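Structure first, commentary second.
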Amino acid sequence: MGPVKIAVGQMTAKNDLLTNYSTCERLCQQAAEAGCKLLCLPECFSFLGSSDQESLSIAEPLDGPLMEKYKQLAQTQQMWLSLGGFQEKGPDPEHRYNSHVLVSASGEIVSTYRKIHLFDIDIPGAPVLKESRGTAPGSDVVVADTPFGRVALTVCYDLRFPELFQELRFSKSADILLIPAAFTVPTGEAHWEVLLRARAIETQCYVIAAAQAGQHNEKRASYGHSIVIDPWGKVIGKCEDPLATDICVAEIDLDTVSSIRTRMPIATHRRYDLYDSRRSDGE
Ligand SMILES: O=C(O)CNC(=O)[C@H](CS)NC(=O)CCC(=O)C(=O)O
């Protein structure tokens with residue numbers, strides 16, 4: 001297959017669907033001009049509300065008009081889109097899903113992952129967030145095959161649960177981990193890059209992490225620092241300005257994945273018998 005160019009996007013989403021769509025459209029044009037096959041957009045790419053009620057009120061089903069616009073964008077630009085966190089209409093009127101949707105270059109939804117770990121925290125210096133108030137958790141672990149490798153779909157706070165990533169690599173044979181986020185500033189400063197590099201190293205996967213950045217409203221700001229990491233843990237792409245609305249382009253190559261895995265075969269050294277009931281049958 002050889003190397004493939006991908007782009008990671010960074011933006012400051014607001015509570016305005018049209019403005020955010022224009023931003024995503026611009027980032028997608030930039031990615032297309034740079035010759036990229038995939039653009040990864042952060043959690044809340046289409047909307048970041050200033051209240052739960054507001055985010056709930058704009059939730060739509062995946063066959064609704066808003067997702068339709070993004071599918072058309074993918075098709076127009078012939079770009080695979082990782083849409084890192086969409087307010088999908090949920091199981092009851094009080095709850096949405098936080099859904100990571102993968103759209104192919106022909107504008108079809110290939111896979112949907114509904115965030116399984118919800119961010120209910122109270123940390124000094126950060127806003128108190130209780131995601132479960134307005135969001136219902138998903139219950140599936142999701143990978144999808146693409147022309148550039150097998151991708152794993154996750155969202156933001158999932159990053160803190162290494163078991164999920166072990167499952168994605170050793171049971172579901174992922175090559176590329178997509179980890180879109182809207183990290184808070186204090187937790188991002190403390191943990192963002194080190195956790196992302198750890199997930200890349202311990203799974204021997206590429207990590208592509210698109211981030212919300214900067215001030216969204218009076219209550220909420222995000223850490224930014226969108227990043228691409230190779231399966232050796234090396235940072236291979238970062239936006240020049242960690243808070244700007246921009247893309248960063250990087251090359252991913254599945255030969256690098258297999259070469260690292262051959263030289264350090266952790267999949268065969270792993271003691272599935274001692275700490276995991278599941279066995280890998282893929283490798
Ligand atoms: O609420 C929304 O509108 C969309 N959802 C989010 O922004 C979510 C839940 S509040 N944010 C995170 O998971 C941040 C995790 C984080 O910062 C960490 O793990 O340190």
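First listed ligand is number 1; within each ligand, the first listed atom is number 1. Just so it is clear, the structure is predicted and the values come from calculations on it, not from any experiment.
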From [options] - option closest to [atom] by heavy atom:
atom                    : options                : answer
atom 3 (O) of ligand 1  : C44, P42, S132         : C44
atom 13 (O) of ligand 1 : K130, E189, E131, K115 : K115
atom 7 (O) of ligand 1  : Q212, E43, R220, H117  : R220

Problem set entry | For A7 against I247, the heavy-atom pair lying closest together |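 Scanning both residues, the minimum pair turns out to be CB-CD1, 4.1 Å.
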Could you tell me the residue and atom name of the protein heavy atom closest to [atom], and the distance to it rounded to 0.1 Å?
atom                    : result
atom 19 (O) of ligand 1 : R160 NE, 2.7 Å
atom 12 (C) of ligand 1 : C156 SG, 3.0 Å
atom 16 (C) of ligand 1 : F119 CZ, 3.2 Å
atom 17 (O) of ligand 1 : T184 N, 3.0 Å

Problem set entry | N or O pair under 3.5 Å between Q87 and ligand 1 |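 Looking only at distances, the answer is no, because the N/O contact criterion of under 3.5 Å is not met.
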For this session: Taking the six-membered ring for Trp and the full ring for Phe, Tyr or His, determine whether the centres of F86 and Y97 are under 6.0 Å apart.
Result: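 Between Y97 and F86, which both carry aromatic rings, the centre distance is not below 6.0 Å.
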Exercise. With a 4.0 Å heavy-atom cut-off (strictly under), which part of H191 contacts ligand 1: side chain, backbone, both or neither?
Worked result: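 Under 4.0 Å from ligand 1, H191 contributes no heavy atoms.
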Exercise. So among L66, T19, I58, D16, which one has a side-chain contact (heavy atoms from CB on, under 4.5 Å) with F47?
Worked result: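 By the side-chain contact (heavy atoms from CB on, under 4.5 Å) criterion, F47 pairs with just one of L66, T19, I58, D16: I58.
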Exercise. Can you find a pair of side-chain heavy atoms, one from L27 and one from L39, that are under 4.5 Å apart?
Worked result: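 A side-chain contact under 4.5 Å exists here.
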Problem set entry | Test item: L159 and W192 side chains (from C-beta on) under 4.5 Å apart, heavy atoms |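 In contact.
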Exercise. Step by step, would you call F119 with Y157 a ring-ring contact (aromatic ring centres under 6.0 Å, His included)?
Worked result: CA-CA 6 Å; F119 193 52; Y157 185 52; 4.9 Å; yes
For this session: For the residue pair W80 and F148, categorise the inter-ring angle as parallel (less than 30°), tilted (30 to 60°) or perpendicular (more than 60°).
Result: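 The arrangement is perpendicular - the two ring planes meet at more than 60°.
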For this session: Output the list of atoms in ligand 1 that are nearer than 4.0 Å to some heavy atom of T187, sorted by atom number.
Result: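 Close to T187: 16 (C), 17 (O), 18 (C), 20 (O).
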